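Computation of the quantities below employed the complete heavy-atom set of this structure, encompassing side-chain atoms and omitting hydrogens, waters and symmetry-equivalent molecules. Remember, predicted model here, so these are calculated numbers, not experimental data.
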Amino acid sequence: MAIWSIVRRKVVNGCNSSYFSSIIGKSWKSTSAKASHPRYYGALSKETSVFVRGSRVVVNAVSLPSYLGSSLSSNAIMSRVTLPCIQTFNTSIRLFSSDEGGSVDAVVPYMGESISDGTLATILKKPGDRVEADEPIAQIETDKVTIDVSSPTAGTIEKIVAKEGDTVEPGFKIAVISKSSGAATKVEDSEKKPEESKPEKKEEKPKPVAESPPSPKVETSPPKEKPRAPPPPPPPASGASPREPQLPPKDRERRVPMTRLRKRVATRLKDSQNTFALLTTFNEVDMTNLMKLRSEYKDAFLEKHGVKLGLMSGFIKGAISALQNQPVVNAVIDGEDIIYRDYVDISIAVGTPKGLVVPVLRNVEQMNFAEIEKEINRLAKKATAGTISIDEMAGGTFTISNGGVYGSLLSTPIINPPQSAILGMHSIVNRPMVVGGEVMSRPMMYIALTYDHRLIDGREAVLFLRRIKDVVEDPRRLLLDI
């Protein structure tokens with residue numbers, strides 16, 4: 001106790017009051033006056049004590065520095081010397097990242113109101129690849145369209161979380177993208193390390209194989225007699241017929257899973273056959289006047305409107321006139337009710353490498369020939385490229401399918417639900433026709449209308465096709481509205 005009193009007096013006399021209150025006071029308040037329990041009252045954890053110039057220090061008899069608050073020997077002779085004026089600084093380390101660092105997840109976007117999930121069809125990038133913002137890194141195949149998963153930011157792909165063939169939903173994480181440029185080198189190093197370690201393991205494996213001596217035992221063992229099996233029976237005579245049919249070898253077959261688009265098309269077409277009372281009626285159209293109109297004005301049409309004049313716009317105009325004359329063909333059954341539509345949205349069937357898609361021309365009754373051709377070209381290009389959206393294929397009150405572009409001469413198309421009819425166009429073939437009592441060669445096309453017989457009677461279906469035939473064979477009827 002006497003020693004501690006002396007130390008305290010020396011401290012008070014050697015340091016100013018501000019130092020005593022800020023540093024010494026804090027330490028001595030928690031000091032217990034027991035010399036048998038040494039304690040350290042210097043810098044706190046995560047702090048560094050710094051002796052600044054002009055400080056005072058207390059030394060013991062053996063000239064060893066001693067921090068205040070440590071145990072002092074009872075034999076130590078204290079002398080008045082400088083006392084340490086200890087100044088503390090907080091040197092705790094804090095991890096931080098620059099604005100350019102960090103990782104971002106690339107997730108599945110919203111795919112549409114009627115689409116809840118999809119299949120990860122293709123992964124376009126691999127770990128370590130550099131990507132820009134909004135650059136596609138994967139493609140998801142849905143029941144209707146193919147959707148791209150884009151990178152939310154520029155950076156380097158750190159890792160791919162999903163794999164091809166997985167069923168994904170909106171918000172599912174596909175990849176992790178690192179904003180920092182240094183992630184690419186880390187990924188490359190991590191990929192090189194396993195490659196370098198693999199050859200070392202391969203070199204070690206052959207050693208135990210060489211040391212194993214079971215090979216001479218096999219030579220001396222009696223299994224040599226096994227090859228002396230009886231020879232196989234001779235093949236049956238040429239006149240004998242086998243009991244089971246000879247199937248082709250399995251190695252010449254390929255089993256490929258169906259795409260989601262193909263499965264969706266198959267389901268809808270089968271549902272159409274199971275739901276509708278399908279019936280098809282046919283007619284033939286003389287294409288002479290429409291083809292003559294096209295050949296005379298195609299150059300002027302292209303120069304003014306910037307799009308070629310095709311035959312599809314003439315049939316769409318004829319279908320619009322027929323739908324307006326027979327509104328029941330534009331209607332649909334809903335439960336125990338019939339919904340009549342006062343607008344015309346015509347779907348155009350387009351074959352793509354991934355399957356059949358049906359983009360829709362909205363309010364086509366308000367369009368002219370040029371607007372129809374432009375819209376057909378725009379939707380056909382997007383459908384072929386796989387960039388068409390779901391909204392551009394939703395709806396539709398009537399469908400036109402042109403199998404003639406593939407050389408089809410005659411077919412019975414299937415209704416696209418929830419519509420009630422579909423028009424099938426076919427190839428143009430010159431056939432002998434009687435015109436004005438004379439036999440002449442005419443470019444003819446067969447057209448077919450498949451309709452739901454529950455709603456549409458044969459009379460309306462025949463009159464519908466007859467109206468299309470009249471408009472295509474004499475386009476002047478559209479101008480006179482007759």
Side-chain angles (χ1 to χ4, degrees), residues 106-124 134-152 162 164-174 257-272 275 312 316 330 332 334 339 341 343-367 371-372 374-402 413-422:
V107 299
V108 177
Y110 176 71
M111 295 184 290
E113 184 177 356
S114 59
I115 298 178
S116 59
D117 58 8
T119 301
L120 185 58
T122 308
I123 297 178
L124 306 177
D134 298 330
E135 182 179 354
I137 62 177
Q139 289 183 339
I140 298 175
E141 189 178 76
T142 66
D143 298 342
K144 298 181 180 180
V145 295
T146 300
I147 299 174
D148 292 335
V149 178
S150 302
S151 173
E164 294 184 359
D166 289 351
T167 300
V168 296
E169 299 178 353
F172 188 88
K173 183 166 66 173
I174 300 296
M258 293 178 64
T259 61
R260 295 180 67 94
L261 180 59
R262 173 55 56 191
K263 288 190 289 186
R264 181 62 175 171
V265 170
T267 301
R268 287 177 60 84
L269 292 179
K270 191 57 182 176
D271 291 344
S272 176
T275 302
M312 180 63 74
I316 290 178
N330 201 42
V332 65
D334 185 15
I339 300 176
R341 296 145 171 165
Y343 59 92
V344 179
D345 290 348
I346 294 184
S347 304
I348 305 296
V350 178
T352 66
K354 295 183 178 181
L356 182 68
V357 295
V358 191
V360 181
L361 279 68
R362 309 285 182 188
N363 299 318
V364 71
E365 75 277 5
Q366 303 175 4
M367 297 182 182
E371 293 172 343
I372 291 175
K374 290 179 180 178
E375 189 67 7
I376 291 175
N377 290 341
R378 185 185 71 85
L379 294 175
K381 290 179 180 179
K382 295 185 68 174
T384 304
T387 58
I388 191 168
S389 64
I390 298 174
D391 294 337
E392 291 172 324
M393 295 190 297
T397 62
F398 185 76
T399 299
I400 298 179
S401 175
N402 186 8
I414 300 178
I415 296 175
N416 180 27
Q419 301 172 9
S420 298
I422 179 173

Least distance between heavy atoms, Ser420 atom then Ile415 atom: O-CD1, 3.4 Å
Minimum heavy-atom distance between Pro170 and Tyr110, given as atom pair plus value: CB-CA, 4.4 Å
Say whether, by atom type as modelled, one donor and one acceptor occur between the side chain of Arg268 and the main chain of Pro417 under 3.5 angstrom. yes
Between the CG atom in Asp148 and the OG1 atom in Thr122, the distance rounded to the nearest 0.5 Å is 10.0 Å
Do Asp166 side-chain atoms and Leu120 backbone N/O form a donor-acceptor pair below 3.5 Å? no
Does Glu141 use its side chain to pair, donor to acceptor, with the backbone of Arg260 at less than 3.5 Å? yes
In the structure I gave you, are the side-chain heavy atoms of Arg341 and Val332 within less than 4.5 Å of one another anywhere? yes
Hey, could you give me the CE/CD1 distance between Met312 and Ile376, rounded to the nearest 0.5 Å? 6.0 Å
Measuring from atom CE of Met367 to atom CD of Glu365, what distance do you get when rounded to the nearest 0.5 angstrom? 8.5 Å
Gap between atom CD1 of Ile422 and atom CD1 of Ile414 - 0.5 Å precision: 8.5 Å
At their closest point, which heavy atom of Ala349 faces which heavy atom of Leu356, and how far apart are they? CB-CD1, 4.0 Å
Could you check if a side-chain atom of Ile316 sits within less than 4.5 angstrom of a side-chain atom of Val364, using non-hydrogen atoms only? yes
Atom of Ala138, atom of Ile174 and distance for their closest heavy-atom approach: CB-CG2, 4.3 Å
Verdict with reasoning, Arg362 to Asp391, per salt bridge (charged side-chain N to carboxylate O under 4.0 Å, His left out): CA-CA 11 Å; Arg362 309 285 182 188; Asp391 294 337; over 6 Å; no
Distance, nearest 0.5 Å, that separates OG1 of Thr387 from NZ of Lys381: 11.5 Å
Quick one, Leu124 with Gln139, criterion side-chain contact (heavy atoms from CB on, under 4.5 Å). Give me CA distance, side-chain angles, the key distance, then yes/no. CA-CA 8 Å; Leu124 306 177; Gln139 289 183 339; 4.3 Å; yes
Heavy-atom closest contact (Thr352 atom, Ala383 atom, distance): CG2-O, 3.3 Å
Is there a salt bridge (charged side-chain N to carboxylate O under 4.0 Å, His left out) between Lys374 and Glu371? Walk through the geometry before answering. CA-CA 5 Å; Lys374 290 179 180 178; Glu371 293 172 343; over 6 Å; no
Closest heavy-atom pair and its distance - Val344, Asn330: CG2-ND2, 4.4 Å
Residue of the set Thr397, Asp345, Thr399 for which side chain to side chain contact (heavy atoms under 4.5 Å, CB included) holds with Val360: Asp345
N/O donor-acceptor pair under 3.5 Å between Glu164 side chain and Ile123 backbone: yes
With the side chain counted from C-beta on, respond yes when Val350 and Leu379 share a heavy-atom pair under 4.5 Å apart, and no when they do not. no
Distance check, rounded to the nearest 0.5 Å: Thr119 atom OG1 versus Met258 atom CE? 12.0 Å
